[in-house]
Each structure stands twice: as structure tokens, then as C-alpha cells.
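For reference, the structure is listed below as C-alpha cells.
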Amino acid sequence: DFRPAVETFAVEMEEEARRLTGALAEVLGDNSDVWDRFFDDPFVQMKICRYPGLESADAGVSGVGAHSDSGFLSMLVQDDAGG
């Protein structure tokens with residue numbers, strides 16, 4: 001079933017985001033938990049979309065349209081097509 005797989009993926013990505021946030025803090029010279037207080041109750045969003053391959057995209061049209069990412073961190077899964 002698709003829903004349980006997506007829910008598991010979302011939990012795993014939130015855990016990875018927390019690890020990455022800690023690593024960013026360390027690189028900046030702080031303790032890994034310095035920002036934890038800002039993420040006690042995080043607003044987590046996940047968007048599933050498929051970008052068309054360049055060979056199938058209309059000229060001048062690509063992606064999911066104009067938008068801005070909200071929040072602190074955006075993570076994208078990259079496939080073999082690049083881009």
C-alpha cells in the first residue's frame with residue numbers, strides 16, 4: 001500500500017532533517033543541539049511531484065511552476081536524470 005510507505009518515508013526524512021540540522025550547527029561552530037528548541041513542534045510538509053524529462057517538456061516549461069519553499073530546510077531526492 002502506498003500510504004504506509006509514504007508515511008514511513010516522511011518520518012525518516014524528518015529524522016534525517018534533524019540530523020542534518022545538527023550537522024549544520026556543528027559546522028558553524030555550535031553544539032549539534034543548539035537549534036533544537038526551535039523545532040520542538042516542527043511544521044513538516046512533504047510534496048510528491050514528478051518533473052518531466054527534458055525530452056518530454058514543452059519549450060520554456062519545466063518543473064512544478066513558480067513557487068517558494070517555506071520553512072527552514074528543503075530536501076530533494078535526486079534521480080539519475082540530473083537537473
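What you see is a predicted model; the values in this text were computed from it and never measured.
- Interatomic distance, Met46 CE to Glu7 CD, rounded to the nearest 0.5 Å: 8.5 Å.
- Ring-centre distance between Phe72 and Phe38: not below the 6.0 Å cut-off.
- Across all non-hydrogen atoms, the minimal contact from Ala25 to Asn31 is CB-O, 3.5 Å.
- Residues satisfying the side-chain contact (heavy atoms from CB on, under 4.5 Å) test with Phe43, not counting sequence neighbours, are Gln45.
- Trp35 is not connected to Val27 by any chain of hydrophobic side-chain contacts under 4.5 Å among Ile, Leu, Val, Met, Phe, Trp and Tyr, and they are in different clusters.
- Take Glu26 and apply the salt bridge (charged side-chain N to carboxylate O under 4.0 Å, His left out) test, not counting sequence neighbours, and it matches no residue.
- Enclosure of atom CG in Asp41 is not indicated, since only 12 or fewer non-hydrogen atoms of other residues, nucleotides or ligands lie within 6.0 angstrom.
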Name the atoms and distances for all side-chain donor-acceptor pairs under 3.5 Å in residues 8-16, with sequence neighbours left out.
residue	atom	partner	partner atom	Å
Thr8	OG1	Pro4	O	3.0
Glu14	OE2	Arg18	NH2	3.4
Glu16	OE1	Arg19	NE	3.1
Glu16	OE1	Arg19	NH2	2.7

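- In this structure, CG in Asp36 is found 8.5 Å from OG1 in Thr21, a value given to the nearest 0.5 Å.
- Within the 4.5 Å cutoff, the side chain of Val44 has no heavy atoms near those of the Phe39 side chain.
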